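Please read all numbers here as calculations on a predicted model, not as lab measurements.
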Amino acid sequence: MNKKRAVSYLALIFCAVCILTIGTLQSADVWNDGGDKLLPIYSVEKGNEKVCALTFDAAWDDADTDVLINILKKYNVPATFFMVGSWVEKYPESVKKFHDAGHEIMNHSDTHPHIDQLSDTKIKEEISKCNDKIENLTGTRPILFRGPYGEYNNAVIKEAQNQSMFVLQWDVDSLDWKNLSAADITARVTNRVKPGSIMLFHNGAKNTPEALPQVIEKLQADGFTFVKASDLIYKDNYTIDHSGKQILN
């Protein structure tokens, strides 16, 4: 073997080692706890049934509580509000108003941390403390959990399951927190909703009250029915595919 060929072989070996190393690092990042990565529910397989869920994350102020309730009442649309425990403590009357108006109150953590960076003990506390606060006010214990910033890992999902909860994400993001115009929010959402979609909005977002009626009217005109998120998902005999779509077995 001449020197030139030997150098080529060494270069190939080096490249192969690099590829394997990178692949191992990526795998460690993607696969949690040394096993398959657990996924939350991003959407639900509903075939041609035009049903969808409207969800809000509540972590800011409560200035638009009455406005949102009135809009949803006008169109007879139920919604799911994922509330932070500290928000529940600060605005108990708003929590009661949403609940009494027929909307469901679910768990968005107790203090809105980066929950995927917490210890198992802290994850448990974040979920259970928020559940306790919501149950004390509404009399109903949440069965859905959504991590702050949409973050999760295997430990978060396993703990939620230990507390008899489902972890819910979304497949349609309004991006209302970026202060998009009402027209942009409406177009963004209505162009993306499919049967089984879960939409993400926020209370306290600047243009959501203006966009919401337009979103609802357009989707209802297209034949969609709105249901609570807990009524959209399957509770048993299901699988979640690689995209986070929940499928009935």
Exceeds 12 heavy-atom contacts within 6.0 angstrom, atom NZ of K178
no
Would L200 and V172 satisfy side-chain contact (heavy atoms from CB on, under 4.5 Å), going step by step from the backbone distance to the final call?
CA-CA 6 Å; L200 171 65; V172 179; over 6 Å; no
Check whether any side-chain N or O of N153 sits under 3.5 Å from a backbone N or O of V156 as a donor-acceptor pair, and report yes or no.
yes
Steps toward side-chain contact (heavy atoms from CB on, under 4.5 Å) verdict (I41, L144):
CA-CA 10 Å; I41 301 168; L144 302 179; over 6 Å; no
Are Y42 and V51 connected, step by step, through hydrophobic side chains (Ile, Leu, Val, Met, Phe, Trp, Tyr) whose heavy atoms are closer than 4.5 Å?
yes
If you take all heavy atoms of A53 and L232, which pair is closest and at what distance?
CB-CD2, 3.8 Å
Donor-acceptor pair, D176 side chain versus H202 backbone, under 3.5 Å?
yes
Could you pull out the closest heavy-atom pair between N179 and N207, with the gap in Å?
O-ND2, 3.7 Å
Do the rings of Y238 and F166 sit parallel, tilted or perpendicular, given the 30° and 60° boundaries?
tilted
In this structure, are over 12 heavy atoms from other groups packed under 6.0 Å from K235 atom NZ?
yes
Under 3.5 Å, side chain of D184 to main-chain N/O of L180, donor-acceptor pair present?
no
State which residue, out of F56, F201, Y91, W87, fulfils the ring pair (Phe, Tyr, Trp, His ring centres under 6.0 Å) condition with F81.
F56
With the side chain counted from C-beta on, respond yes when Y152 and L39 share a heavy-atom pair under 4.5 Å apart, and no when they do not.
yes
Consider only side-chain N and O atoms of S128 and N131, and report whether a donor and an acceptor are under 3.5 Å apart.
no
Taking the side chain from D132 and the backbone from I127, do they hold a donor-acceptor pair closer than 3.5 Å?
no
Please confirm whether the backbone N or O of G47 pairs with a side-chain atom of E45, one donor and one acceptor, at under 3.5 Å?
yes
Short side-chain donor-acceptor distance under 3.5 Å, S109 and R146:
no
When rounded to the nearest 0.5 Å, the distance separating SG of C130 from CD of E125 is 13.5 Å
For the pair N70 (side chain) and D66 (backbone), establish whether a donor and an acceptor sit closer than 3.5 Å, ignoring hydrogens and angles.
yes
Stepwise salt bridge (charged side-chain N to carboxylate O under 4.0 Å, His left out) check, D171 with K194:
CA-CA 9 Å; D171 66 325; K194 304 179 295 294; 3.6 Å; yes
Taking Q246 for the side chain and Y234 for the main chain, is one N or O donor matched with an acceptor at less than 3.5 Å?
yes
Side-chain (N203) to main-chain (D61) donor-acceptor, under 3.5 angstrom
yes
If I compare all heavy atoms of L54 with all of L72, which pair ends up nearest, and what's the gap?
CD2-CD2, 3.7 Å
Identify whether I233 and I105 are in the same connected component of the hydrophobic contact network (ILVMFWY, side-chain heavy atoms under 4.5 Å).
no
Short side-chain donor-acceptor distance under 3.5 Å, Y75 and Q220
no
Answer with yes or no after comparing the ring centroid distance for H114 and Y149 against a 6.0 Å cut-off, counting only values under it.
yes
Look at the side-chain heavy atoms of Ile, Leu, Val, Met, Phe, Trp and Tyr, link any pair under 4.5 Å apart, and say whether I216 and I198 land in one connected group.
no
Could you tell me whether the side chain of D64 reaches within less than 4.5 Å of the side chain of T208, counting heavy atoms only?
no
Heavy atoms only: give me the nearest P40-I240 pair and the separation to one decimal.
O-CG2, 3.8 Å
Take the angle between the ring planes of H108 and H112 and call it parallel below 30°, perpendicular above 60°, tilted in between.
perpendicular
When D110 is tested against each of K122, K124, K133, K129 for salt bridge (Lys or Arg N to Asp or Glu O under 4.0 Å), which residue passes?
K133
L38 reachable from M165 in the ILVMFWY side-chain graph, under 4.5 Å edges:
yes
Any donor-acceptor pair under 3.5 Å linking the side chain of R192 with the backbone of R188?
yes
State yes or no: are the ring centers of H99 and H103 separated by less than 6.0 Å?
no
For L168 and A229, which heavy atoms make the closest approach, and how far apart are they?
CD2-CB, 3.6 Å
For the NE2 atom of H242 and the NZ atom of K37, what is their distance to the nearest 0.5 Å?
12.5 Å
List the steps and the verdict of side-chain contact (heavy atoms from CB on, under 4.5 Å) for T138 and K96.
CA-CA 7 Å; T138 67; K96 292 177 183 176; over 6 Å; no
Side-chain donor or acceptor of E104 paired with backbone N/O of S230 under 3.5 Å:
yes
For E126 and T111, which I'm curious about, is there any donor-acceptor pair between the side chains at under 3.5 Å?
yes
For the student: nearest non-hydrogen atoms of M199 and C52, plus distance:
CE-SG, 3.6 Å
Output for pair (K50 NZ, D222 CG), nearest 0.5 Å, gives 5.5 Å
Crowded around D100 CG? As in, over 12 foreign heavy atoms under 6.0 Å?
yes
Roughly how far apart are I69 CD1 and F98 CZ, rounded to 0.5 Å?
5.0 Å
Distance in Å, Q169 CD paired with T55 OG1, rounded so as to fall on 0.5 Å steps
10.0 Å
According to a 4.5 Å side-chain heavy-atom criterion applied to Ile, Leu, Val, Met, Phe, Trp and Tyr, with indirect links allowed, do V44 and I143 form part of one hydrophobic cluster?
yes
Between L175 and I185, is the side-chain contact (heavy atoms from CB on, under 4.5 Å) condition met? List the steps.
CA-CA 7 Å; L175 294 182; I185 292 172; over 6 Å; no
Spacing of CG belonging to D231 relative to OG1 belonging to T225, to within rounding of 0.5 Å:
12.5 Å
